[in-house]
Protein chains: 2
Amino acid sequence: MTVHLVGCGPGDAELLTVRAARLIATADVVVHDRLVGPGVLALARPGAERIDVGKAPGASRSQELINALLVELGRGGGEVVRLKGGDPFVFGRGGEEAMALAAAGVPFTVVPGITSAVAVPAAAGVPVTHRGVAASFTVVTGNRAPGQPPVDWEALARVGGTIVVLMGVAERAAIAERLLGGGLDPTTPVCAVMAGTSTEQHVVRTTLAGLGAADVTNPATIVIGAVAALDLGTWSPTASPAAATLATPTRP
Amino acid sequence: MTVHLVGCGPGDAELLTVRAARLIATADVVVHDRLVGPGVLALARPGAERIDVGKAPGASRSQELINALLVELGRGGGEVVRLKGGDPFVFGRGGEEAMALAAAGVPFTVVPGITSAVAVPAAAGVPVTHRGVAASFTVVTGNRAPGQPPVDWEALARVGGTIVVLMGVAERAAIAERLLGGGLDPTTPVCAVMAGTSTEQHVVRTTLAGLGAADVTNPATIVIGAVAALDLGTWSPTASPAAATLATPTRP
């Protein structure tokens with residue numbers, strides 16, 4: 001009857017919202033992509049249908065097919081949960097899915113999730129803002145997809161705040177070059193967090209001058225700015241079964 | 001024994017994370033500010049001590065006193081939850097509290113929360129990024145506190161992405177002026193969301209030229225950019241008691 005576009009955060013099952021956990025536990029159909037952690041999927045009912053629409057970057061279904069699938073499932077009568085890594089509206093293409101559902105007259109809701117742009121740096125001890133250090137942060141994709149509007153990296157360098165780059169591993173040398181061209185200091189601290197909040201989390205600390213050659217691999221969140229020098233604790237990953245127990249609603 | 005710096009999102013109790021709900025429900029002491037919703041506080045144990053450190057802007061305790069209080073409580077032996085509206089590291093001064101705890105040798109953890117910067121626009125149907133429309137978003141405070149580094153609004157106008165202004169109601173005319181000076185079109189869409197995700201949520205849609213004179217009141221999240229013209233659904237607020245039931249852990 002309703003399609004819920006649900007953000008499920010950076011992967012740790014305890015970083016689901018209470019609403020997300022409730023919707024997943026009661027859904028008839030769960031549609032998910034490859035960025036959704038196994039601890040999250042474990043919350044679905046045994047009888048719920050699970051549809052994986054994005055096993056690997058090359059093999060993932062086209063957005064048009066996913067939109068059509070959601071419309072069809074929404075018309076089918078059950079409660080449909082469309083799980084997305086992070087937040088549906090932060091490079092999650094949730095807007096496109098919402099538009100397709102609205103155009104087809106299928107009721108939908110949007111449930112914000114913890115965005116990796118903020119939580120993954122935090123999991124490595126880096127606050128994206130800090131009093132006296134950063135009065136703004138910009139979240140930007142390094143992924144230059146066709147039709148994506150251009151980013152003025154030189155202007156971004158002059159804004160004076162933290163820069164958080166998602167999906168920027170491949171382009172990191174070019175991005176660093178343009179930020180340097182915009183006037184950022186080569187010694188500007190950089191913190192790259194790989195597999196953030198998971199048991200495989202690891203962190204590379206470097207400078208803007210060193211970013212291009214640094215050993216950074218996907219999936220990574222790259223923080224550029226003075227805050228990237230801070231080191232305020234490390235996230236303790238949740239054991240999935242415990243999270244599942246905790247998240248199970250006590251009523252339907 | 002441990003102080004947990006916990007983000008609790010924009011106010012709706014179902015936008016707590018599962019970890020936040022678990023920590024609140026088992027805490028010995030809950031320290032909170034005025035931005036934390038009553039549905040969230042209702043999750044604390046009846047026997048838990050509740051300390052309100054920020055009833056109103058003028059009457060709130062100084063950050064130095066709050067830091068000292070957290071250190072003292074952390075040394076006291078119980079589990080302490082420091083609740084913060086939104087995310088602790090998005091203008092939440094969580095970094096300062098983490099530093100004070102680290103300096104005093106008090107163990108602490110940081111639990112990211114749903115930031116209003118993303119979730120409040122979403123609650124009014126506005127995605128902060130949208131394919132082909134916005135490849136970045138900048139979250140910036142309009143609050144010009146002493147010691148805060150300057151924001152180059154003219155440079156920000158040239159970046160080409162979405163701008164989300166928090167705590168910018170009082171300065172909105174000056175901010176609009178500077179963004180116009182940086183080259184943003186006067187017809188750039190603006191969406192201001194007041195009391196986002198609550199039952200009192202209301203939305204004002206205007207343009208950058210109209211922002212200064214628009215009827216915008218605190219607390220508001222102001223979105224500036226092409227995405228602000230989108231209207232993809234509205235958040236359904238959670239009734240607090242139901243959320244409390246759902247969030248109660250089934251084991252300690």
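In what follows, chains are A, B, ... by sequence order, proteins preceding strands, each numbered from 1.
The choice from A:Gly92, A:Pro149, A:Gly125 that makes the most heavy-atom pairs within less than 4.5 Å of chain B is A:Pro149. Top candidate by heavy-atom pairs under 4.5 Å with chain B, chosen from A:Ala134, A:Gly9, A:Gly160, is A:Ala134. Per-residue counts of heavy-atom pairs under 4.5 Å with chain B were compared for A:Gly233, A:Gly7, A:Ala122; the largest is that of A:Ala122. Comparing B:Asp87, B:Val110, B:Val90, B:Val151 by heavy-atom pairs within less than 4.5 Å of chain A, the highest count is held by B:Val90. Counting heavy-atom pairs closer than 4.5 Å to chain A, the top-ranked of the candidates B:Val139, B:Ile163, B:Val227 is B:Val139. Among B:Pro127, B:Gly161, B:Pro88, the residue making the largest number of heavy-atom pairs under 4.5 Å with chain A is B:Pro127.
In this structure, no portion of A:Ala102 lies under 4.5 Å from any heavy atom of chain B. For B:Ser236, the parts lying under 4.5 angstrom from a heavy atom of chain A are both the backbone and the side chain. Heavy atoms closer than 4.5 Å to chain B are found nowhere in A:Trp153, neither backbone nor side chain. Interface remark: A:Leu230 contributes side-chain atoms only to the contact with chain B (heavy atom separation under 4.5 Å). Proximity to chain A (any heavy atom under 4.5 Å) is restricted, for B:Val118, to the side chain, taken from C-beta onward. Both the backbone and the side chain of B:Ala135 have a heavy atom closer than 4.5 Å to some heavy atom of chain A. With a 4.5 Å cut-off on non-hydrogen atoms, B:Ala157 does not touch chain A at all. Proximity to chain B is absent for every atom of A:Thr234, based on heavy atoms less than 4.5 angstrom apart. Neither the backbone nor the side chain of B:Val164 has a heavy atom closer than 4.5 Å to any heavy atom of chain A. Only the side chain of A:Arg93 has a heavy atom closer than 4.5 Å to any heavy atom of chain B. Heavy atoms of B:Thr141 lying under 4.5 Å from chain A belong to its backbone as well as its side chain. Contact of B:Val133 with chain A is made through the backbone alone, with heavy-atom distances under 4.5 Å. Only the backbone of A:Pro150 has a heavy atom closer than 4.5 Å to any heavy atom of chain B.
Interatomic distance, OG1 of B:Thr138 versus CG of A:Leu156, reported as 6.5 Å (0.5 Å rounding). Here the CG-OG distance, from A:Asp152 to B:Ser136, works out to 10.0 Å after rounding to the nearest 0.5 Å.
In terms of heavy-atom proximity, A:His130 sits nearest to B:Glu96 at CE1-N, 3.6 Å. The heavy-atom pair separating A:Arg158 from B:Ala155 by the smallest distance is CB-CB, 3.8 Å. Closest approach of B:Ile114 to A:Gly113, counting heavy atoms only: CD1-C, 3.3 Å.
Between the side chain of B:Thr129 and the backbone N or O of A:Phe89, at least one donor-acceptor pair lies under 3.5 Å.
No side-chain heavy atom of B:Glu14 sits less than 4.5 Å from a side-chain heavy atom of A:Val111. Counting heavy atoms from C-beta on, the side chains of B:Leu15 and A:Val18 never come closer than 4.5 Å. A 4.5 Å side-chain heavy-atom check between B:Val159 and A:Val159 finds at least one atom pair inside the cut-off. Between A:Thr17 and B:Leu16, every side-chain heavy-atom pair lies at or beyond the 4.5 Å cut-off.
Between A:Phe137 and B:Phe137, the ring planes lie perpendicular to each other; the angle is over 60°, past the 30° to 60° tilted range.
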